[in-house]
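When a ligand or atom number is given, it counts from 1 through the structure's own listing order.
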Amino acid sequence: MSSNPLFDRLLRVGAASATAIQTDTNCYSYGDIERETGRLANALVALGVGPGDRVAVQVEKSAANLLLYLATVRLGAVYLPLNTAYTLAELAYFIDDAEPALIVCDPSARAGVAPLARGAPVETLDQAGEGSLPFQAITQADVFETVARSPDDLAAICYTSGTTGRSKGAMLTHRALMSNAETLVDLWRFTADDVLIHALPIYHVHGLFVATNVVLMAGASMVLLSKFEAGAVVGAMDGATCLMGIPTFYTRLLARPELTAERVAGMRLFISGSAPLLAQTHRDWTARTGKPILERYGMTETGMNTSNPYDGDRIAGTVGFPLPDVALRIIDEETGRAVAEGEIGVIEVKGPNVCAGYWRNPDKTEEAFRPDGFFITGDLGVRDARGYVSIVGRGKDLIITGGLNVYPKEVESEIDALPGVIESAVIGLPHADFGEAVTAMVSVGSGCDLTEQSVLEALGPRLARFKQPKRVLFIPDLPRNAMGKVQKARLRDEYQGLYA
Ligand code: AMP
């Protein structure tokens, strides 16, 4: 028998007749997955894809897209998902860097992608599961001998969202993906009885690995929605047990009056991650549904690192404890030593979940790891007396004003607590005198009468003078990426001349 650590493990528990993926038009059992990935793997091999080859995929979300991911892993190749928002210019960079043996894109993009392909075949797959690739798979046998791989072999390359500099390809091994999903299945108590509402994109680790791998590994099933739409998600709660979302899901769901405690009665778990969940959203959700959201923290390079507990207190504004197989330390960048409890430092992690480095980028790989193997996340964190970790921002978001460090999260939390504020983003902008000037971008609800002056007055007694914003700007919608992260880099670009 061959051994393909990730693929074998994903299909081990689900009974052949049990439902794995439901869409609004189709239903795939675990047996169907075995057969359909067999057909697709045969088609990929016929197109010249072999073990270790990259398969670059930029297509709309569908069950067929998930099957393509699984088939790629099954034949020992390396799955490379690409955000559907990437332009052709961005795609050219990924293709040059990863040199895929096959590119799969939406039929509408084929003419644009073909000239970038460097001789690799370009096949198509649309949201309905049709296209040149499934067309070739139809005539293939549904039996395929799964290709053996070692735990150190790559299963996927995921490019980082690249908020600073060029995006880097995180090399994710079979071990990393398998171990992280196994840990989460245990921690979050997933069983074959679970039904997950899957409304996340699947070009990103959250929807692709956390959601999909956890469900399949548990032998559970997912209701695969093509995108997040609050009404559809509330509708899907009948008969479902879990939701994994980004914070925006939860704020949008709270805006729906039909979201009530009765409506969520059958749901056992709401999980949030990929961006900070406002403590207020956490409290509002608990007040409305009686079910506290479980917030966890991870990143492309590491998968999940921490999680609030399943049984213990899920504390708003924290990301919980390190996962059982993840070592986490918080380091003072200047001294290189671990900080004391309650002090802020850079989070570093080590464990089987961590990537094997950056694709064809030994310099960035070396920069990202300490000699003892810890990966430097770049996130700033703090640990409290009970061991709960909180994220206070990204290292690069740190503001240095007049030589003093200001952690944006601290200022944002004060502003967010003011009546009528929906959310805030605090950034540092170039300032002749201070180097950087603390600047607050605030989004408020309708009818809120806060002014720049009243915000500054409210912060006066609460924050040291150097932490107080020099300016407060009201912005209707803070810019976000698809995973719900506020794009501070964009705000910094847009407002860089504010103090000029
Ligand atoms: P990505 O690689 O796109 O998944 O982004 C990872 C980054 O998202 C992390 O390094 C954090 O900065 C941020 N992130 C993920 N989960 C959380 C969370 N629960 N709270 C705050 N930030 C988070």
Item checked: Any N/O pair R296/ligand 1 closer than 3.5 Å -> yes

Next item on the list: Assert yes or no for the condition that the ring centre distance of Y159 to F94 is strictly below 6.0 Å.
Entry: yes

Margin query: Taking only non-hydrogen atoms of T160, do any sit less than 4.0 angstrom from ligand 1?
Written below: no

Item checked: Proximal candidate to atom 4 (O) of ligand 1 [heavy atom criterion; set H204, H206, M483] -> H204

Check: So is E301 polar-close to ligand 1, meaning N/O to N/O under 3.5 Å?
Finding: no

Next item on the list: Would you mind running through ligand 1 and noting each atom that sits below 4.0 Å from a heavy atom of T300?
Entry: 1 (P), 2 (O), 3 (O), 4 (O)

Next item on the list: Of the side chain and backbone of P276, name the one, both, or neither that has a heavy atom under 4.0 Å from an atom of ligand 1.
Entry: both

Item checked: For T241, side chain to side chain donor-acceptor pair (under 3.5 Å) partners two or more places apart -> D194

Note to self: Tell me every residue that passes ring-ring contact (aromatic ring centres under 6.0 Å, His included) with Y250, counting only those two or more places apart in sequence or in another chain.
What the structure shows: W285

Item checked: Min heavy-atom dist D379 to ligand 1 below 4.0 Å -> yes

Item checked: Closest approach of E414 to R462 (non-hydrogen atoms, all atoms of both residues) -> OE1-NE, 2.6 Å

Notebook entry, point to check: Which option, S272, G317, A275, owns the non-hydrogen atom nearest atom 23 (C) of ligand 1?
Noted result: A275

Next item on the list: Starting at OG1 of T160, measure out to CD of E301 and round the result to the nearest 0.5 Å.
Entry: 6.0 Å

Check: Is the closest side-chain heavy-atom distance between F228 and L253 below 4.5 Å?
Finding: yes

Checklist line | Nearest candidate to atom 8 (O) of ligand 1, where distance is taken over non-hydrogen atoms, out of K485, M299, E295 | finding: K485

Item checked: V319: numbered ligand 1 atoms lying under 4.0 Å from its heavy atoms -> 18 (C), 19 (N), 20 (N)

Next item on the list: Report yes if the side chains of Y407 and D397 come closer than 4.5 Å at any heavy-atom pair, otherwise no.
Entry: no

